Enquirer: 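Right, I'll just put the structure down here and ask away after.
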Amino acid sequence: YPTWKRTLNRRARDTQTKRFCKAQAIQRRLEEIEVTFRELEQQGIKLEKLLRDEDGTSADQKTQWMNQLLYLVQKKNTLMSEESDLMIAVQELKLEEQQWQLDQKLRCYMNMEESLKTPEDRVAEKEILGQLLEVVNKRNVLIHVQEEKRLSEL
């Protein structure tokens with residue numbers, strides 16, 4: 001078994017492990033964001049009730065509550081933006097995994113001796129290449145979306 005094949009296999013496993021760890025981290029962060037959303041929602045409800053039941057409340061207190069409410073809205077918007085970025089990252093990880101799997105299949109066909117390939121093998125190779133190009137284009141679109149989002153935030 002050639003050394004270069006073992007090296008490629010090891011690198012593939014390492015890359016897969018990194019993708020898995022990244023996916024787990026993203027999932028944890030999405031769960032944290034969901035919990036924070038609920039907390040912000042509860043705080044917002046309390047502040048709205050306080051603002052509605054403002055009998056005998058000073059103007060300074062009302063202003064303070066309004067500022068707190070605006071702060072909660074700003075924090076929620078920030079979290080929504082982060083959640084959106086994480087969802088794009090999840091899509092990117094899925095496409096990366098898909099690309100890796102298609103790449104492995106394509107390598108099998110490309111490593112076959114040309115004279116041993118059947119017409120079905122050639123068709124399958126072309127189909128896989130087409131699917132691979134489609135996945136690469138989808139990843140490119142995601143990167144473009146991320147860049148547009150980043151530029152619009154600036």
Side-chain angles (χ1 to χ4, degrees), residues 1-49 64-154:
Y1 204 63
T3 305
W4 65 271
K5 282 189 178 183
R6 285 194 306 266
T7 303
L8 282 177
N9 286 336
R10 188 174 353 96
R11 284 185 183 163
R13 279 192 315 272
D14 290 346
T15 304
Q16 232 174 351
T17 302
K18 286 178 186 176
R19 273 196 306 268
F20 180 73
C21 290
K22 188 174 180 182
Q24 282 184 320
I26 289 171
Q27 185 62 39
R28 273 192 307 274
R29 183 61 188 142
L30 285 171
E31 289 168 3
E32 290 170 2
I33 288 173
E34 187 64 35
V35 169
T36 307
F37 272 151
R38 281 190 231 116
E39 291 170 358
L40 291 174
E41 187 73 27
Q42 292 302 315
Q43 291 173 10
I45 289 169
K46 287 178 187 175
L47 285 171
E48 282 184 41
K49 284 180 182 178
Q64 185 180 0
W65 290 337
M66 282 300 291
N67 286 339
Q68 287 175 349
L69 193 59
L70 290 173
Y71 172 75
L72 292 178
V73 169
Q74 183 183 22
K75 195 169 181 180
K76 185 176 179 184
N77 288 341
T78 302
L79 287 173
M80 286 176 68
S81 177
E82 183 182 355
E83 184 180 42
S84 172
D85 290 343
L86 290 173
M87 295 308 288
I88 290 172
V90 165
Q91 282 298 108
E92 196 171 349
L93 283 174
K94 285 180 183 178
L95 290 172
E96 251 180 66
E97 180 66 25
Q98 220 178 0
Q99 182 178 346
W100 179 80
Q101 290 172 355
L102 289 169
D103 192 48
Q104 294 303 311
K105 288 180 186 177
L106 187 62
R107 285 179 194 271
C108 289
Y109 284 112
M110 292 179 93
N111 287 336
M112 287 177 72
E113 188 67 39
E114 199 60 41
S115 60
L116 299 176
K117 287 183 185 177
T118 65
E120 293 84 16
D121 290 337
R122 288 186 179 89
V123 168
E125 184 178 358
K126 285 183 182 178
E127 284 178 14
I128 291 171
L129 185 59
Q131 291 172 353
L132 189 60
L133 288 173
E134 191 177 311
V135 168
V136 168
N137 287 335
K138 286 179 182 177
R139 285 184 69 191
N140 189 35
V141 167
L142 276 180
I143 290 169
H144 183 71
V145 166
Q146 282 178 318
E147 185 63 21
E148 288 292 319
K149 187 173 187 271
R150 187 187 67 80
L151 289 174
S152 71
E153 287 175 356
L154 292 176

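None of these values were measured; they are calculated from a predicted model.
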Enquirer: Give, for atom CD of Q74 and atom CG of N67, the distance between the pair rounded to the nearest 0.5 Å.
Expert: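 Q74 atom CD to N67 atom CG measures 11.0 Å (nearest 0.5 Å).
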Enquirer: Flag the pair E134 and K138 as a salt bridge only when some basic side-chain nitrogen lies within less than 4.0 angstrom of an acidic carboxylate oxygen.
Expert: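 So E134 pairs with K138 through a salt bridge.
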Enquirer: Is there a salt bridge (charged side-chain N to carboxylate O under 4.0 Å, His left out) between K105 and E125? Walk through the geometry before answering.
Expert: CA-CA 8 Å; K105 288 180 186 177; E125 184 178 358; over 6 Å; no
Enquirer: Can you list the steps and then say if E83 with L79 is a side chain to side chain contact (heavy atoms under 4.5 Å, CB included)?
Expert: CA-CA 6 Å; E83 184 180 42; L79 287 173; over 6 Å; no
Enquirer: Could you tell me which residues satisfy side-chain contact (heavy atoms from CB on, under 4.5 Å) with E41, sequence neighbours excluded, listed by chain and number?
Expert: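 side-chain contact (heavy atoms from CB on, under 4.5 Å) list for E41, sorted by chain: I45, K76.
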Enquirer: Give every residue pair that meets the side-chain hydrogen bond (donor to acceptor under 3.5 Å, both in side chains) criterion with at least one member in residues 23-34, sequence neighbours excluded.
Expert: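 Matches after skipping sequence neighbours: Q27-E31, R29-E32, R29-E82.
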Enquirer: Is any side-chain heavy atom of L102 closer than 4.5 Å to a side-chain heavy atom of L106?
Expert: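 The answer is no, as the side chains (C-beta and beyond) never meet within the 4.5 Å cut-off.
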Enquirer: Between P119 and V123, is any pair of side-chain heavy atoms under 4.5 Å apart?
Expert: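 Sidechains of V123 and P119: no contact.
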Enquirer: Any donor and acceptor pair, going by atom type alone, linking the side chain of D121 with main-chain N or O of T118 inside 3.5 Å?
Expert: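 Yes, D121 side chain to T118 backbone: donor-acceptor pair under 3.5 Å.
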Enquirer: Could you tell me whether M112 atom CE has more than 12 heavy atoms of other residues or ligands within 6.0 Å of it?
Expert: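 For M112, atom CE is crowded (more than 12 foreign heavy atoms under 6.0 Å).
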Enquirer: Go through the structure and list residues passing side-chain contact (heavy atoms from CB on, under 4.5 Å) with T7, not counting sequence neighbours.
Expert: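 By the side-chain contact (heavy atoms from CB on, under 4.5 Å) rule, T7 matches T3, R10, R11.
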Enquirer: Measure from the side-chain N and O atoms of K149 to the backbone N and O of S84, and report whether any donor-acceptor pair falls under 3.5 Å.
Expert: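 Not at all, since once roles are kept as given, no pair shorter than 3.5 Å links the two residues.
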Enquirer: How long is the span from the CG atom in N77 to the CG atom in L72, to the nearest 0.5 Å?
Expert: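 Rounded to the nearest 0.5 Å, the CG-CG separation comes out at 11.0 Å.
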Enquirer: Rounded to the nearest 0.5 Å, what separates atom CZ in R139 from atom CD in E92?
Expert: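 Going from the CZ atom of R139 to the CD atom of E92 covers 5.5 Å.
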Enquirer: For N137 and L133, indicate whether the former's side chain and the latter's backbone hold a donor-acceptor pair under 3.5 Å.
Expert: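 It does hold such a pair.
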Enquirer: Does R122 pair with E114 as a salt bridge, N-O distance under 4.0 Å?
Expert: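 Judged by the 4.0 Å cut-off on N to carboxylate O distance, R122 and E114 do form a salt bridge.
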Enquirer: Which atom names give the shortest non-hydrogen contact between A89 and I26, and what distance separates them?
Expert: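 Closest approach of A89 to I26: CB-CD1, 3.7 Å.
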Enquirer: Can you measure from CG (D103) to CE (M110) and round to the nearest 0.5 angstrom?
Expert: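 Nearest 0.5 Å value for the CG-CE distance: 9.0 Å.
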Enquirer: Roughly how far apart are L47 CG and Y71 OH, rounded to 0.5 Å?
Expert: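 With rounding to 0.5 Å, CG (L47) is 12.5 Å from OH (Y71).
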Enquirer: Do E147 and R150 meet the salt-bridge criterion of a basic N to acidic O distance under 4.0 Å?
Expert: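 Looking at E147 together with R150, the answer is yes, because their closest N to O distance falls below 4.0 Å.
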Enquirer: L95 pairs by side chain to side chain contact (heavy atoms under 4.5 Å, CB included) with which of V136, N140, L142, V141?
Expert: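 Looking at V136, N140, L142, V141, the match for L95 under the side chain to side chain contact (heavy atoms under 4.5 Å, CB included) is L142.
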Enquirer: For a 4.5 angstrom cut-off between non-hydrogen side-chain atoms, does W65 reach E48?
Expert: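 Counting from C-beta outward, W65 and E48 never come under 4.5 Å.
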Enquirer: For the residue pair I128 and Y109, establish whether any side-chain heavy-atom pair is separated by less than 4.5 Å.
Expert: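 They are in contact (side-chain heavy atoms under 4.5 Å apart), so the answer is yes.
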Enquirer: Checking Q101 against E97: is there a side-chain donor and acceptor pair closer than 3.5 Å?
Expert: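 Yes, a side-chain donor-acceptor pair sits under 3.5 Å.
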Enquirer: Side chains of K22 and K18, heavy atoms from C-beta outward: is any pair under 4.5 Å?
Expert: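 Sidechains of K18 and K22: no contact.
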Enquirer: Give, for atom CD1 of I88 and atom CG of L93, the distance between the pair rounded to the nearest 0.5 Å.
Expert: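 CG of L93 is found 12.5 Å from CD1 of I88.
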Enquirer: How about D85 and Q146: do any of their side-chain heavy atoms sit closer than 4.5 Å?
Expert: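 Not touching, per the 4.5 Å side-chain cut-off.
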Enquirer: Show your working on side chain to side chain contact (heavy atoms under 4.5 Å, CB included) between E96 and V135 and close with a plain yes or no.
Expert: CA-CA 8 Å; E96 251 180 66; V135 168; over 6 Å; no
